[in-house]
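Worksheet: the structure to be examined is printed underneath.
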Amino acid sequence: MSTNNNNLQNESLLEQRLRETFKTVKQDSRPKAENAKHIARAFGIGGGICLLGQYVKEMCIGFGFEKADAGTISTLFLILLTAILTSIGIFDKIGHFAGAGTFVPITGFANSIVSSAIEFKSEGHVFGIGAQIFKVAGPVILYGITSAWAVGLVYFLIGLVK
Amino acid sequence: MNYLWVFLVGGTLCIIAQIIVDNTKYVSGQILVMYVVAGVVLTALGLYEPLVELAGSGATVPLTGFGYSLVKGTFSAIDEKGFIGIFTGGLTATSAGICAALVFGYLASSVVKPKTKI
């Protein structure tokens with residue numbers, strides 16, 4: 001009986017110690033290590049996507065396109081690339097690896113549109129694809145346009161005063 | 001244009017978002033909205049243009065660059081056409097990207113079968 005009790009106490013002590021160790025692991029070391037990894041991946045892939053955009057842009061300038069048009073073509077290229085990679089299921093894997101590295105560049109905007117269109121296909125063309133295609137892009141466009149409109153209004157009024 | 005700056009600025013903009021994701025409750029959709037509005041505000045204050053001149057695609061490819069295009073397009077449309085430009089400039093400047101994403105998205109949805117959810 002007493003040995004049993006001792007065993008129980010020992011176990012609970014052990015459990016307690018385990019739980020405490022677990023807590024410290026959970027709170028300190030693991031998130032920091034993960035964060036560092038996340039940050040490194042976001043930096044590498046995000047910077048890489050921007051480099052690719054710059055490379056395509058300069059290639060287009062080399063072909064004789066105007067600077068603004070070259071920028072547009074490079075944006076279109078990144079969007080097309082995203083659409084293809086999303087369609088064949090590779091973008092998800094890259095996105096899972098790179099986190100903000102893929103969703104902050106224009107690729108994230110494009111992926112949100114393409115993946116929602118595919119995902120909600122079964123709910124129909126109007127309320128499925130049509131409505132859900134803007135699930136993430138809609139808010140981005142709404143707040144982008146509205147804030148740019150407000151800034152434009154101020155710019156216009158300042159122009160009137162001048 | 002220095003490719004090092006392209007990489008550094010683009011990568012750093014992604015790092016900032018990654019830190020927000022890892023340390024707050026915000027998810028990617030909310031951060032994208034923050035980034036666009038931040039791009040609009042920074043461009044309006046004249047702070048984003050120098051970054052674009054320094055880093056090119058490093059500043060225009062991240063979603064803050066979408067806000068930059070919106071404001072830049074709005075300003076130049078106002079310079080050209082006056083009041084109407086407030087309404088036409090933003091979407092005109094960003095039309096290619098929005099159109100491409102929507103068209104490619106729709107085409108993809110008609111070709112690709114959605115993954116079955118469990």
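Order of the sequence lines sets the chain letters (A, B, ...), proteins ahead of strands, with each chain counted from 1.
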*asked:* Run Gln54(A) and Trp5(B) through side-chain contact (heavy atoms from CB on, under 4.5 Å) and show every step you take.
replied: CA-CA 11 Å; Gln54(A) 183 71 29; Trp5(B) 281 117; over 6 Å; no

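Highest contact tally toward chain A, considering only Ser28(B), Gly90(B), Ala44(B), is held by Ser28(B) [criterion: heavy-atom pairs under 4.5 Å]. The greatest number of non-hydrogen atom pairs below 4.5 Å with chain A, out of Gln30(B), Gln18(B), Lys113(B), is found for Gln18(B). Counting heavy-atom pairs under 4.5 Å between each of Ala83(A), Ser147(A), Gly53(A) and chain B puts Ser147(A) at the top. When the candidates Val151(A), Val136(A), Thr102(A) are compared by the number of heavy-atom contacts under 4.5 Å with chain B, Val151(A) comes out ahead.
Proximity to chain A is absent for every atom of Leu107(B), based on heavy atoms less than 4.5 angstrom apart. With a threshold of 4.5 angstrom between heavy atoms, Leu91(B) approaches chain A through its backbone and through its side chain. Heavy atoms of Ile20(B) lying under 4.5 Å from chain A are absent altogether. Contacts of Ser109(B) with chain A are made by both backbone and side-chain atoms, with heavy-atom separations under 4.5 Å. The contact between Ser110(B) and chain A is made entirely by backbone atoms, counting heavy-atom distances below 4.5 Å. Both the backbone and the side chain of Ile106(A) come within less than 4.5 Å of a heavy atom of chain B. Proximity to chain A (any heavy atom under 4.5 Å) is restricted, for Val36(B), to the side chain, taken from C-beta onward. Heavy-atom distances place the side chain of Tyr35(B), and not its backbone, under 4.5 Å from chain A.
For residues 107-115 of chain A, the interface with chain B (any heavy-atom pair closer than 4.5 Å) comprises Phe109(A), Ala110(A), Ile113(A), Val114(A), sorted by residue number. Residues of residues 42-52 of chain A lying within less than 4.5 angstrom of chain B, judged on heavy atoms, are Ala42(A), Phe43(A), Gly44(A), Gly46(A), Gly47(A), Gly48(A), Ile49(A), Cys50(A), Leu51(A) in numerical order.
Side-chain contact between Leu80(A) and Phe104(B) is present, with at least one heavy-atom pair separated by less than 4.5 Å.
For the atom pair Leu157(A) CG and Ile86(B) CD1, the distance stands at 6.5 Å (nearest 0.5 Å). Residue Ile145(A) holds its CD1 atom at 11.5 Å from CZ of Phe87(B), rounded to the nearest 0.5 Å.
No more than 12 heavy atoms of other residues, nucleotides or ligands shown are found within 6.0 angstrom of NZ on Lys72(B).
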